[in-house]
Engineer: 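I'd like to ask you about the structure that follows.
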Protein chains: 2
Amino acid sequence: MTGKNKHNQCPMESILGQIMGPWTPYILWLLDNEKTLRFGEIATRMPDISAKVLTDRLRKLEASGLINRDYQPTVPPTVNYSLTERGRELHGVLQGLNDVATRWDEEDRQKEGDAEIAAG
Amino acid sequence: MTGKNKHNQCPMESILGQIMGPWTPYILWLLDNEKTLRFGEIATRMPDISAKVLTDRLRKLEASGLINRDYQPTVPPTVNYSLTERGRELHGVLQGLNDVATRWDEEDRQKEGDAEIAAG
DNA sequence: GCAAGTAGTTACCTTATGGTAAGTAATGAG
DNA sequence: CTCATTACTTACCATAAGGTAACTACTTGC
């Protein structure tokens with residue numbers, strides 16, 4: 001997987017093993033923005049992830065102490081996910097990541113547009 | 001894999017596909033700190049990564065336009081890696097990540113220490 | 001008694017990923 | 001003539017990761 005070693009010498013390795021990996025930062029970003037989301041709501045916002053993998057990521061984030069899982073034994077059941085206090089400490093990083101992503105995306109679209117105009 | 005989709009609707013997906021993945025953020029962090037590093041110097045700082053995988057990561061970062069590869073055809077050859085301008089824009093994110101990582105690491109060590117004292 | 005709805009779990013199979021070891025190029029040293 | 005050096009590349013193999021489909025539980029409504 002994305003990270004199996006815990007923390008040898010460098011603290012950064014540890015955090016990377018927890019929050020990195022295919023869909024993980026995006027899940028954190030969703031929960032950072034929307035406070036609380038049900039399993040199905042996360043799945044809707046990430047159409048390309050399978051239930052199996054989403055469950056896996058949520059379980060790992062829970063094990064890392066970054067998200068809370070609140071199971072309500074209603075019928076049908078309701079499970080709410082939210083960031084823990086530690087998870088919320090990632091806000092600045094996630095925000096910064098999104099800012100850069102948005103900026104690059106705009107720049108790239110701009111360049112694509114220019115290229116199309118130049119090509120006639 | 002870590003990222004195959006380019007950018008469907010959300011710009012964050014794109015950046016995650018580029019900088020996420022097992023060792024990638026750590027490589028960027030090294031280059032952000034040390035300006036320029038040779039292949040072997042990066043390898044020394046990351047003892048657990050194999051040459052094959054390190055090469056793969058460097059090639060992908062180069063393809064994403066985040067790092068420069070400067071091949072000097074000396075004997076034996078010298079290859080210097082450094083961040084591009086775009087790569088340097090990740091400074092804030094990498095710094096923030098490292099800050100959180102360091103803080104959590106200290107907190108966890110503190111807790112471990114407390115537990116040991118409590119256990120006698 | 002059967003379908004619907006939520007949040008999964010499980011089994012099975014395919015693909016992706018990563019490790020190891022060996023090979024390559026070019027040249028100066030011994 | 002062979003070794004050492006750097007930065008890889010290649011082939012081969014083992015493991016990990018992920019997709020799909022089917023199945024679970026529980027109760028309301030038809």
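Below, chain A is the first sequence line, B the second, and so on; all start at residue 1. Only a predicted model underlies this, so the values are computations on that prediction, with no experimental measurement involved.
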Engineer: I need the NZ-P distance between B/K60 and D/dC8, as an integer number of Å.
Structural biologist: 16 Å

Engineer: About how many Å separate CG of A/D48 and CG of A/L54, when rounded to the nearest 0.5 Å?
Structural biologist: 12.5 Å

Engineer: Would you kindly give the CG-to-P distance between B/D56 and C/dG19, to the nearest whole Å?
Structural biologist: 11 Å

Engineer: Using whole Å, what does the distance between atom C1' of nucleotide D/dA7 and atom CD1 of B/I49 come to?
Structural biologist: 14 Å

Engineer: B/D105 vs B/R109, test: salt bridge (charged side-chain N to carboxylate O under 4.0 Å, His left out). Steps then yes/no.
Structural biologist: CA-CA 6 Å; B/D105 191 57; B/R109 285 177 196 283; 2.9 Å; yes

Engineer: Got a sec, which residues hit salt bridge (charged side-chain N to carboxylate O under 4.0 Å, His left out) with A/E34, two or more places apart in sequence or on another chain?
Structural biologist: A/R45

Engineer: Please round to the nearest 0.5 Å and tell me the distance separating atom CG of A/L97 and atom CE of B/M12.
Structural biologist: 4.0 Å

Engineer: Give each protein N/O atom lying under 3.5 Å from an N/O atom of nucleotides 3-8 of chain C, with the pair distance.
Structural biologist:
{"unit_1": "C/dT6", "atom_1": "O3'", "unit_2": "A/R38", "atom_2": "NH2", "d": "3.0"}
{"unit_1": "C/dT6", "atom_1": "O3'", "unit_2": "A/P77", "atom_2": "O", "d": "3.0"}
{"unit_1": "C/dA7", "atom_1": "OP1", "unit_2": "A/R38", "atom_2": "NE", "d": "3.0"}
{"unit_1": "C/dA7", "atom_1": "OP1", "unit_2": "A/R38", "atom_2": "NH2", "d": "3.1"}
{"unit_1": "C/dA7", "atom_1": "OP1", "unit_2": "A/V79", "atom_2": "N", "d": "3.4"}
{"unit_1": "C/dA7", "atom_1": "OP2", "unit_2": "A/G40", "atom_2": "N", "d": "3.0"}
{"unit_1": "C/dG8", "atom_1": "OP1", "unit_2": "A/R59", "atom_2": "NH2", "d": "3.1"}
{"unit_1": "C/dG8", "atom_1": "OP1", "unit_2": "A/R69", "atom_2": "NE", "d": "3.4"}
{"unit_1": "C/dG8", "atom_1": "OP1", "unit_2": "A/R69", "atom_2": "NH2", "d": "2.6"}
{"unit_1": "C/dG8", "atom_1": "OP2", "unit_2": "A/Y81", "atom_2": "OH", "d": "2.7"}
{"unit_1": "C/dG8", "atom_1": "O3'", "unit_2": "A/R59", "atom_2": "NH2", "d": "3.4"}

Engineer: Does the side chain to side chain contact (heavy atoms under 4.5 Å, CB included) test come out yes or no for A/R38 and A/I42, once each step is laid out?
Structural biologist: CA-CA 6 Å; A/R38 298 178 57 176; A/I42 301 175; over 6 Å; no

Engineer: Which whole-number value in Å describes the distance from B/W23 CH2 to C/dG19 C1'?
Structural biologist: 12 Å

Engineer: Please report the distance, rounded to the nearest Å, between NZ in A/K52 and P in C/dT9.
Structural biologist: 12 Å

Engineer: Residues in salt bridge (charged side-chain N to carboxylate O under 4.0 Å, His left out) with B/R86, at least two apart?
Structural biologist: A/E107, A/D108

Engineer: Below 4.0 angstrom from OP1 or OP2 of C/dG19, is there any side-chain N or O of B/S50?
Structural biologist: yes

